[in-house]
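One structure below.
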Amino acid sequence: MKVLPSRRSVVQGAGLTLAAATAPALAAASAEGTARGKIKLGFDNYAVRSMKWKAKELVDHAASLRLDSLLISDLDAFDSLDDKPLKDIRKRAADKGVQIHLGTWSVCPTSGTFKNKWGTAGEHLALGIRAARALGSPVLRVILGNSEDRKSEGGIRARIKDMVAVLKAHRGRAVDAHVKIAVENHAGDLQAHELLTLVEDAGKDFVGVNIDPGNAVWTMEDPVQHLERLGPYVVTSSMRDSMIWESDNGCTVQWTAMGAGVVDFKAYFARFAELCPGVPVHIETISGFNRELPTSKPEFWNLFPDARAADFARFVALAKNGKLMAPWRAPEGQDRDTAERAHQKAELDRSLTYCRSLGLGTRA
């Protein structure tokens with residue numbers, strides 16, 4: 001096991017390094033309107049999952065919010081995956097000025113999250129590529145799995161190897177379709193350097209990144225540094241803010257609406273505009289529950305054999321600036337399903353308002 005410094009020693013040694021590392025980004029962010037008009041704005045349909053909307057309703061909602069883009073991250077959002085109905089959705093979106101990005105779930109055959117609903121991992125990937133082409137999506141978002149895969153036989157390195165094999169087998173199909181495979185850092189599965197290994201081993205000519213700063217904090221990474229590493233590979237996104245605070249066993253995270261957490265999104269979007277030109281920001285709010293990361297327990301680090309103390313220092317520095325947040329609960333006397341739908345729509349609207357205050361979006 002790699003022995004990491006204590007949280008106290010990490011924080012004490014991190015001040016100068018952290019300030020030096022973030023200074024360029026902060027300076028860039030200080031210019032008024034750095035990102036204005038440069039970054040397309042949209043949402044990931046998972047942000048409003050309780051609405052159970054299908055593709056037509058999602059397109060119409062994006063248009064009603066005057067958004068540029070929509071990430072439909074689940075094939076189940078479509079009534080049919082035949083080319084003709086998909087091309088009808090493509091036209092509907094184009095007529096309303098909404099760009100579609102398509103996504104689906106795990107294509108790692110040995111991940112605990114993989115489901116055979118769409119056939120084998122290869123068949124699933126092939127289906128997604130064909131659907132993306134019919135929709136006019138330049139990307140297909142996929143995932144490896146989640147944090148539980150770090151506990152599997154061979155650990156995350158073995159799962160990366162297995163997924164790379166599937167991706168490589170379908171390189172020609174993706175290239176011919178002009179669809180780039182966008183692998184997300186998902187639910188604690190991959191740190192930035194691990195995701196880079198996956199992309200480069202598979203082939204960066206047809207594999208890129210779906211960047212998720214909310215998932216980055218589940219792997220103890222500062223989202224701004226996470227972006228610096230992955231930015232040149234990013235082809236789509238799913239985003240939320242995070243509150244982080246120190247707790248009994250390490251640090252606790254609660255995902256939040258944009259602007260309600262500790263992530264410096266002014267600096268983040270200034271760099272995003274430079275590193276990821278043309279890539280839309282899709283809001284994927286998943287708010288209201290707490291997850292503790294037991295970083296003070298030595299056995300926790302067995303799951304992260306290649307963890308870097310300097311990276312953890314930046315994460316702890318964020319936690320030092322955070323504060324405890326209570327989990328969301330439905331108001332007393334209200335039906336939970338109704339309250340949850342209202343909560344999800346409100347969190348999305350709050351996030352879009354914040355992003356527009358920073359100059360994101362190309363439509364008034």
Side-chain angles (χ1 to χ4, degrees), residues 1-19 21-22 25 145-151 155-156 184-195 211-230 238-265 267-268 284-329 347:
M1 181 187 77
K2 181 172 289 187
V3 178
L4 295 176
S6 69
R7 288 188 295 136
R8 179 178 297 276
S9 65
V10 162
V11 173
Q12 288 174 342
L16 184 58
T17 302
L18 180 65
T22 57
N146 62 28
S147 59
E148 291 299 304
D149 290 308
R150 306 191 77 88
K151 303 175 185 177
I156 200 64
E184 181 179 332
N185 57 301
H186 183 261
D189 61 354
L190 297 168
Q191 291 191 310
H193 65 93
E194 294 163 336
L195 181 48
I211 196 165
D212 189 321
N215 285 329
V217 302
W218 276 23
T219 51
M220 294 82 63
E221 296 175 280
D222 170 14
V224 176
Q225 184 182 47
H226 185 257
L227 172 65
E228 291 287 347
R229 288 181 174 157
L230 293 176
S238 302
M239 297 198 182
R240 72 202 73 86
D241 204 344
S242 302
M243 181 61 72
I244 313 167
W245 64 94
E246 292 186 299
S247 52
D248 290 344
N249 296 308
C251 296
T252 296
V253 174
Q254 181 176 148
W255 288 333
T256 71
M258 300 290 279
V262 294
V263 180
D264 184 354
F265 274 110
Y268 190 98
E284 187 194 16
T285 38
I286 312 173
S287 308
F289 69 97
N290 296 344
R291 177 184 175 95
E292 187 173 52
L293 304 171
T295 55
S296 63
K297 296 186 175 183
E299 60 270 22
F300 174 77
W301 294 103
N302 291 336
L303 303 178
F304 294 88
D306 301 313
R308 303 169 181 181
D311 294 350
F312 181 55
R314 290 184 59 139
F315 175 78
V316 173
L318 287 177
K320 297 293 279 188
N321 290 325
K323 60 182 180 181
L324 183 149
M325 290 184 72
W328 176 82
R329 290 184 175 84
E347 290 289 273

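This is a predicted model, so every value here is computed, not measured. Just the heavy atoms: all of them, side chains too, but no hydrogens, waters or symmetry mates, feed the values below. All residue numbers refer to positions in the sequence shown, counting from 1.
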Validation row: [X], [Y] side chains within 4.5 angstrom (heavy atoms):
X: Glu246; Y: Val316; answer: yes
X: Leu190; Y: Ile156; answer: yes
X: Met239; Y: Ile211; answer: yes

Quick one: side chain to side chain donor-acceptor pair (under 3.5 Å) partners of Ser287, sequence neighbours excluded?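 Residues passing side chain to side chain donor-acceptor pair (under 3.5 Å) with Ser287: Glu347.
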Minimum heavy-atom distance [X]-[Y], with the two atoms named:
X: Thr219; Y: Glu221; answer: OG1-OE1, 2.6 Å
X: Gly259; Y: Asp241; answer: N-OD2, 3.0 Å
X: Met243; Y: Gly322; answer: SD-CA, 3.7 Å
X: Leu318; Y: Pro223; answer: CD1-CD, 3.9 Å
X: Arg240; Y: Phe265; answer: O-CZ, 3.7 Å
X: Phe300; Y: Thr295; answer: CE2-CG2, 3.8 Å

Look at the rings of Trp255 and Trp218 and say which category their plane angle falls in: under 30° parallel, 30 to 60° tilted, over 60° perpendicular.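 Because their plane-to-plane angle is under 30°, the rings of Trp255 and Trp218 count as parallel.
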For the pair Phe312 and Phe315, name the ring-plane relationship: parallel under 30°, tilted 30 to 60°, perpendicular over 60°.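 The arrangement is parallel - the two ring planes meet at less than 30°.
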How far does [atom1] of [X] sit from [atom2] of [Y], to the nearest 0.5 angstrom?
X: Met325; Y: Ser242; atom1: CE; atom2: OG; answer: 10.5 Å
X: Asn215; Y: His226; atom1: CG; atom2: NE2; answer: 8.5 Å
X: Thr252; Y: Leu293; atom1: OG1; atom2: CG; answer: 7.0 Å

With respect to Trp245, which candidate in Val253, Val262, Asn290 satisfies the side-chain contact (heavy atoms from CB on, under 4.5 Å) definition?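 That would be Asn290; it is the only one of Val253, Val262, Asn290 passing the side-chain contact (heavy atoms from CB on, under 4.5 Å) with Trp245.
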Using a 3.5 Å distance criterion without hydrogens, assess whether the side chain of Asn146 forms a donor-acceptor pair with backbone atoms of Ala187.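 Absent.
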When you check the side-chain N and O atoms of His186 and Glu184, is any donor under 3.5 Å from an acceptor?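 Distance-only check fails for His186 and Glu184.
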For Leu303, all residues meeting side-chain contact (heavy atoms from CB on, under 4.5 Å), sequence neighbours excluded: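 Listed in chain order: Arg150, Lys151.
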Taking side-chain hydrogen bond (donor to acceptor under 3.5 Å, both in side chains) as the criterion, tell me which of Arg229, Gln191, His193 meets it with Asp311.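 So, applying the side-chain hydrogen bond (donor to acceptor under 3.5 Å, both in side chains) to Asp311 and each of Arg229, Gln191, His193, only Arg229 qualifies.
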